[in-house]
There are 2 protein chains.
Amino acid sequence: MTTKEKIIDTALQLFNKQGIDPVTTRHIAKEMNISHGNLCYHYSKKEDIIGQLYHNLVAELDQEIAAIQSGVPSLEMLMQATAATFRIQYKYKFILQDMVAIMRKIEPIGQHFKVLYQQRKNQFRLIIQYLLMQGLIESEKVKGQYDNFIDQFYIIGDFWVSEAEILFDGPDEEKLAHYTQLAFSLIIPYFTPKGLEAYQYLQKAHQKD
Amino acid sequence: MTTKEKIIDTALQLFNKQGIDPVTTRHIAKEMNISHGNLCYHYSKKEDIIGQLYHNLVAELDQEIAAIQSGVPSLEMLMQATAATFRIQYKYKFILQDMVAIMRKIEPIGQHFKVLYQQRKNQFRLIIQYLLMQGLIESEKVKGQYDNFIDQFYIIGDFWVSEAEILFDGPDEEKLAHYTQLAFSLIIPYFTPKGLEAYQYLQKAHQKD
DNA sequence: TTAAATTTAGGACAAATGTTCTAAATAATT
DNA sequence: AATTATTTAGAACATTTGTCCTAAATTTAA
């Protein structure tokens, strides 16, 4: 691993543990036993490190989603995509926990996130349409209901890490499983009997892993 | 207004606009045209100011909720409580936007929030029971469904301000109305036909205001 | 009115932070 | 083997921040 990579790695650990505010470039350098000057040679500003980490987060998400979406859309695909997304988000949890502060400090990230959000929303719309066509979820009781649903899903998807940091005591794997299930269960009340059956089947299959 | 009150007032404005990190005690003092020494006489530490503001948030929430809950439980009550809560949360939005950072910086707040969360959850459980008894919402399709629902509701309730800061362009009142509706609409898929009717009636009544 | 308490202004000081610079050490290239 | 480029360490510097102190000004109480 190059020094540059190790800086990113160490910074991620420290940011995740303490948040961006109390972690300085000097702390990162000390943690990995290199000089402060050396660290500044690679990343002269803390913002550059955060920017790189945000870039890595997005890259990992893109890669994972692309891999999953290469298959046929299905309920299982949605579950897998959710689980994969949550796992990656948790890996970079400081970004979501300090989201507003980061967006204010580094404007381009805020802009990018906005675009990304629209893309994700459109992707989700396609999946909803698929689930409707397959008769797995009911048609809208109220106009715009599924648009609301998507917004709700993404708020929880972006901020469960913050809520978990404050409220959840327990190992990371349990935390991840709990909140993945919590978010995904948003869809349950929309299921048709057929959809519910498919969901419960997948749940059982997943528990065997 | 005493100097002490004005400090709290000014700090709230600055924190809401810029977040806690970039706002220093000197900025607050300068903003209100008093000396830095004077400000430190009243609040020697930034944490004390944040603590006071958190205290005020909780006090306002308690007061509002108590007033609303003095009446008979109803769907309208739940809507009013949601709207009132969201309004107060938005007034102190920096607390929710910088939640994780604040909890880490000031541990007692984190502890208090945990307790508060359990209280709110229990209150909500009572309301759910009431709505069930009145036949306004369906009984659980899946065990633990309404517990999940409450958790989902509170994640959105706590973090819509963060999402809105990044994604929503528009005046505060619209923002507030949009996210209040978004959170409340979580309950729609659980409505019985009777519940849906009651909801739509209340929606219309509310739009006339 | 006088004495005491409170409030205010301004400065002092150490510690921390972001940033830049220089020179040594190491690696790569010719 | 020589030289060029890259990487590293360490120091230096201005700024900022939290904290404390003193003395003046103002208000309150006796």
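Here is how names work: the chains are called A, B, and so on, in the same order as the sequence lines, proteins then strands, and each is numbered from 1. Please read all numbers here as calculations on a predicted model, not as lab measurements.
Taking the six-membered ring where tryptophan is involved, the planes of A:F149 and A:F153 are tilted, since the angle between them lies from 30° to 60°.
In terms of position on DNA chain C, the residue among A:T24 and B:N33 whose nearest nucleotide sits closer to the 5' end is B:N33.
Using a 4.5 Å heavy-atom threshold, the side chains of B:W160 and A:D151 count as separate. Considering only heavy atoms from C-beta on, B:V72 stays 4.5 Å or farther from B:M77 through its side chain.
Straight-line distance from the CZ atom of A:R26 to the P atom of C:dT19: 11 Å, rounded to whole Å. Atom CG in B:L39 sits roughly 10 Å away from atom P in C:dA9 (whole-Å rounding). Counting to the nearest Å, the C1' atom of C:dT8 and the NZ atom of B:K6 are 14 Å from each other. The distance from atom CD1 of B:I7 to atom P of C:dA9 is 10 Å, rounded to the nearest whole Å. The distance from atom NE2 of A:H42 to atom C1' of C:dT26 is 12 Å, rounded to the nearest whole Å. What separates CD1 of A:I106 from C1' of C:dG18 is a distance of 15 Å, to the nearest Å. Between the CG atom of B:N38 and the P atom of C:dG11 there is a distance of 15 Å, given to the nearest Å. If you measure from atom OH of A:Y41 to atom P of C:dT22, you get 16 Å, rounded to the nearest angstrom.
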Carefully, step by step, assess A:K114 and B:D169 under the rule salt bridge (Lys or Arg N to Asp or Glu O under 4.0 Å).
CA-CA 11 Å; A:K114 259 180 135 164; B:D169 290 318; 2.8 Å; yes
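Checking the phosphate oxygens (OP1, OP2) of C:dG18, a side-chain nitrogen or oxygen of A:T25 falls inside 4.0 Å.
The distance between the ring centers of A:Y179 and A:F86 does not fall below 6.0 angstrom.
No cation-pi contact links B:K141 to A:F191, judged by a cut-off of 6.0 Å to the six-membered ring centre and 45° from its axis. Remark: A:R120 qualifies as a cation-pi partner of A:Y154 under the 6.0 Å distance and 45° angle criteria applied to the six-membered ring.
B:H36 comes within 4.0 angstrom of a base, heavy atoms only.
For DNA chain D, the span of nucleotides reached by chain A at under 4.0 Å from its heavy atoms goes, 5' to 3', from D:dT6 to D:dA12.
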